[in-house]
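The structure appears right after this line, and notes come after that.
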Amino acid sequence: RARLGLSIGSYAVIVVLVSSCGAGRNTVPPASAGADQFLYERGVEAMKERRWTDAREYFVRLIDGYPQSRYRADARLGIGDVYLEQGTAESLVLAEAEFRDFLAFYPNGARADYAQYKLGMTHHKAMRAAGRDQTETRAAIRDLAAFMERFPDSPLREDVAAHLREAKDRLGESNFRVGLHYFRTRWYPGAIPRFRDLLRTDPEYTHRDEVYFYLAESLLKTENTAEALPYYERLIAEFESS
């Protein structure tokens, strides 16, 4: 009681609250000093212990029972984080909805950058292998790029930039594989525009040494030697250990 800094009455209310949570009841306790903080901290603790249902229940109780609480916005993010950490196809859809709702309610809030970041991560976690459908990859790029545009001073930018690069590389690899397939089947008129488009849309593609090489080879095999040479030169200049 002393540690929480609560009155005897508030402490009693929290004891009742814990009992009702344990019993799985849905009744919201009467407002009392410190109860909202108690709910939030219990939700965070449950999330760290991967007790997803308990964490979500604490956050929901806070949101429903304490509409004026300063922890309410963080509890909304907490619900999104719970769904995101669960990582199932269904939970990622729910996480996306939670983070979008947060941005709708608090577009200029102190943690809007965090919500935008996590919105992008709901798609990032759902990205598929390069040889499969890239819808989620494109959505991750869209939402993470929106973060980079909206929040130039956020301390989260380094993490977001790294995840954005991963998403762009996944999409780039998907496009590269199509061009490589054309190259291997000797359909160079199909390979050349595919490789060129990849360099145009993502000039920082991590594995562009491969693109330079196969584009140059494709041009060489179609007797476009003058066009091939600059790509060989760029490969040597940018990738000494390729």
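Side chains are part of it too, since the values below use all heavy atoms of this structure and drop only hydrogens, waters and symmetry mates.
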| task | Step through it carefully: locate the ring centre of Tyr232, locate the ring centre of Tyr212, and say whether they are under 6.0 Å apart. | result |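 No, too far apart.
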| field | Close aromatic pair by centroid cut-off 6.0 Å: Phe183 and Tyr188 | value |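 Aromatic pair counts; centres sit under 6.0 Å.
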Nearest heavy-atom pair of [X] and [Y]: which atoms, and what distance?
X      : Y      : answer
Ser91  : Gly87  : OG-N, 3.3 Å
Leu103 : Ala112 : CD2-O, 3.5 Å
Ala146 : Gln116 : CB-NE2, 3.8 Å
Met127 : Arg170 : CB-NH1, 3.8 Å
Ala73  : Phe102 : O-CE1, 3.3 Å
Gly120 : Asp143 : CA-CB, 3.7 Å

Evaluate whether atom [atom1] of [X] has more than 12 neighbouring non-hydrogen atoms of other residues, nucleotides or ligands under 6.0 angstrom away.
X      : atom1 : value
Glu223 : CD    : no
Arg142 : CZ    : yes
Phe105 : CZ    : no

| message | Quick one, Arg200 with Asp197, criterion salt bridge (Lys or Arg N to Asp or Glu O under 4.0 Å). Give me CA distance, side-chain angles, the key distance, then yes/no. | response | CA-CA 5 Å; Arg200 178 185 61 80; Asp197 188 60; 2.3 Å; yes
| Could you walk me through whether Arg196 and Glu227 pass the salt bridge (Lys or Arg N to Asp or Glu O under 4.0 Å) check? | CA-CA 12 Å; Arg196 278 181 167 159; Glu227 292 183 59; 2.4 Å; yes
| request: Would you please test Leu62 and Ser69 for side chain to side chain contact (heavy atoms under 4.5 Å, CB included) and show each step? | output: CA-CA 8 Å; Leu62 192 162; Ser69 172; 4.0 Å; yes
| message | Between Asp202 and Arg165, is the salt bridge (Lys or Arg N to Asp or Glu O under 4.0 Å) condition met? List the steps. | response | CA-CA 10 Å; Asp202 187 10; Arg165 183 68 267 160; 2.4 Å; yes
Please verify the inter-ring angle class for [X] with [Y]; under 30° counts as parallel, over 60° as perpendicular, anything in between as tilted.
X      : Y      : result
His207 : Tyr205 : perpendicular
His163 : His124 : perpendicular
Tyr117 : Tyr114 : perpendicular

| query | Would Arg72 and Tyr106 count as a side chain to side chain contact (heavy atoms under 4.5 Å, CB included) if you check the C-alpha gap in whole Å, the side-chain angles of each, and the deciding distance to 0.1 Å? | reply | CA-CA 11 Å; Arg72 198 165 189 265; Tyr106 310 100; 4.2 Å; yes
| said: With salt bridge (Lys or Arg N to Asp or Glu O under 4.0 Å) as the criterion, how do Lys48 and Glu45 come out once you've worked through the C-alpha distance, each side chain's angles and the decisive distance to 0.1 Å? | reply: CA-CA 5 Å; Lys48 288 179 180 178; Glu45 180 181 342; over 6 Å; no
Taking [X] for its side chain and [Y] for its backbone only, find out whether a donor-acceptor pair lies under 3.5 Å.
X      : Y      : result
Gln134 : Ala129 : yes
Arg157 : Phe151 : yes
Asp169 : Thr206 : yes
Arg194 : Phe176 : no

Please round to the nearest 0.5 Å and tell me the distance separating atom [atom1] of [X] and atom [atom2] of [Y].
X      : Y      : atom1 : atom2 : result
Glu166 : Leu144 : CD    : CG    : 9.5 Å
Met47  : Asp81  : CE    : CG    : 5.0 Å
Gln68  : Asp36  : CD    : CG    : 11.0 Å
Leu215 : Glu210 : CG    : CD    : 13.0 Å
Thr122 : Arg100 : OG1   : CZ    : 7.0 Å

| query | Yes or no on side chain to side chain contact (heavy atoms under 4.5 Å, CB included) for Val44 and Phe59, after CA distance, side-chain angles and deciding distance? | reply | CA-CA 9 Å; Val44 172; Phe59 292 139; 4.3 Å; yes
| field | salt_bridge(Lys168, Glu204) N-O dist < 4.0 Å | value |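 Between Glu204 and Lys168 there is no salt bridge, as every charged N stays at least 4.0 Å from the carboxylate O atoms.
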| request: Let me see the working for Thr137 and Arg128 under side chain to side chain contact (heavy atoms under 4.5 Å, CB included), right down to the final yes or no. | output: CA-CA 7 Å; Thr137 306; Arg128 307 181 75 178; 6.0 Å; no
